[in-house]
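The next block holds one structure in the form of structure tokens; read it before the comments.
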Amino acid sequence: MDEIIPDKKIDIRGLKCPYTFVRSKLTIESMNTGEVLEILLNYPEAAVSIPKSMQDHGQRVLSVNKINDTEWVIVIRKERD
Amino acid sequence: MEFTDDQVVRYSRHIILPEVGGKGQGKISAAKVFLIGAGGLGCPISYYLTAAGVGKIAIVDDDVVDLSNLQRQILHSTKTIGRPKVESAKAVLNDLNPDVEIVAIKDRLTPENILGFIKDYDIVIDGSDNFPTRYLVNDACVLAGKPLSSGAVLRFEGQVTTIVPGKGHCYRCLFEEMPPAGLVPSCQEGGVLGVLPGIIGTLQAMEVLKLILGKGDVLKNTLLIYDALRTTFRKVKVPKNPDCPVCGTHPTITALCSSYEANYCRA
């Protein structure tokens, strides 16, 4: 499978809910449909809640990976405004 | 729009709503509203719209704070008795949210000044307490094509309606002419349970935010009647009247004349 190259990356390590989602959502809003956002975070709850909320808002979650003991990378594709 | 870190936090509960988001909050921040009255309705209306981050709010009122206002007019306080209501309100609103520009106008609305006042604003909100102003504001908004949120309270009953000129009814479709002075309750017959204007005013604030966001259904062609004693909300259909003197097919009111003043008790 080809590796997906994100159009935008954000580092929201240090942020807690709901600001993890607020920042991610504002970034997605600023992007074009079809573009891919990569989110780096370290708030454990957000590793679950961001993918769920993004799906609820109609976006596509491409991957959720725990990259070490404390950090996750989530990849989202913008499907709709 | 770009938000500061503080704004992201302040408006976070708006931004996470799918119907609002950063784009919706941007619309709220860019909106300009003109509010008539800093009393029982105007206080909760301006309080919530300021909290919501509406870009610019003008408030017109020529009255000063009186001890008897404090049972319901929640922006004013014992310390501001005797001060102009618009100044008392502005101080509290500025403290609540410095993002919002509050324009305090200590003046009385007249047929001569109203169109000049509202021309730079997107939405007008009527929180006045008398029929001459209510009809003046309605006619001005129809002539200027400005959406209007209209609210009224008396004793235990409140009414709310939203007028979108050209797209629904107006106040004169509902009540064509002002009631004669003898039919309007006098000061002694009036009275209002203090929470009531809070409920009606917050309904008006919600209507205004929906108009700004373009979401949901506003009270177009509808009068909402709240009975506080029975805790009932009733929606009454108000069709646009094709013979309405101001918004009908052949209007007879095509400019604001000086016939709005009637001899009502204003206390």
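These figures come from a predicted structure and were not determined experimentally. Below, chains carry the letters A, B, ... as their sequence lines are ordered, and counting in each starts from 1.
- In plain terms, the two heavy atoms of A:Leu26 and B:Gly22 that are nearest each other are CD2-CA, 3.4 Å.
- Atoms OG and NZ, from A:Ser30 and B:Lys23 in turn, are 8.5 Å apart once rounded to the nearest 0.5 Å.
- Enclosure of atom NZ in A:Lys66 by more than 12 non-hydrogen atoms of other residues, nucleotides or ligands within 6.0 angstrom is indicated.
- The distance from the OH atom of A:Tyr19 to the CD1 atom of B:Ile15 is 10.0 Å, given to the nearest 0.5 Å.
- Counting heavy atoms from C-beta on, the side chains of B:His14 and A:Val22 never come closer than 4.5 Å.
- Within a 6.0 Å radius of CE in B:Met206, other residues, nucleotides and ligands contribute 12 heavy atoms or fewer.
- Heavy-atom contacts from other residues, nucleotides or ligands closer than 6.0 Å to CD1 of A:Ile5 number 12 or fewer.
- Within the 3.5 Å criterion, the main-chain N or O of B:Leu17 finds a donor-acceptor partner in the side chain of A:Lys25.
- Counting heavy atoms of neighbouring residues, nucleotides and ligands inside a 6.0 Å radius, atom CG of A:Asn65 exceeds 12 of them.
- The backbone N or O of B:Gly21 sits nowhere less than 3.5 Å from a side-chain atom of A:Glu29 that would complete a donor-acceptor pair.
- Smallest separation of non-hydrogen atoms from A:His57 and B:Ile16: CE1-O, 3.5 Å.
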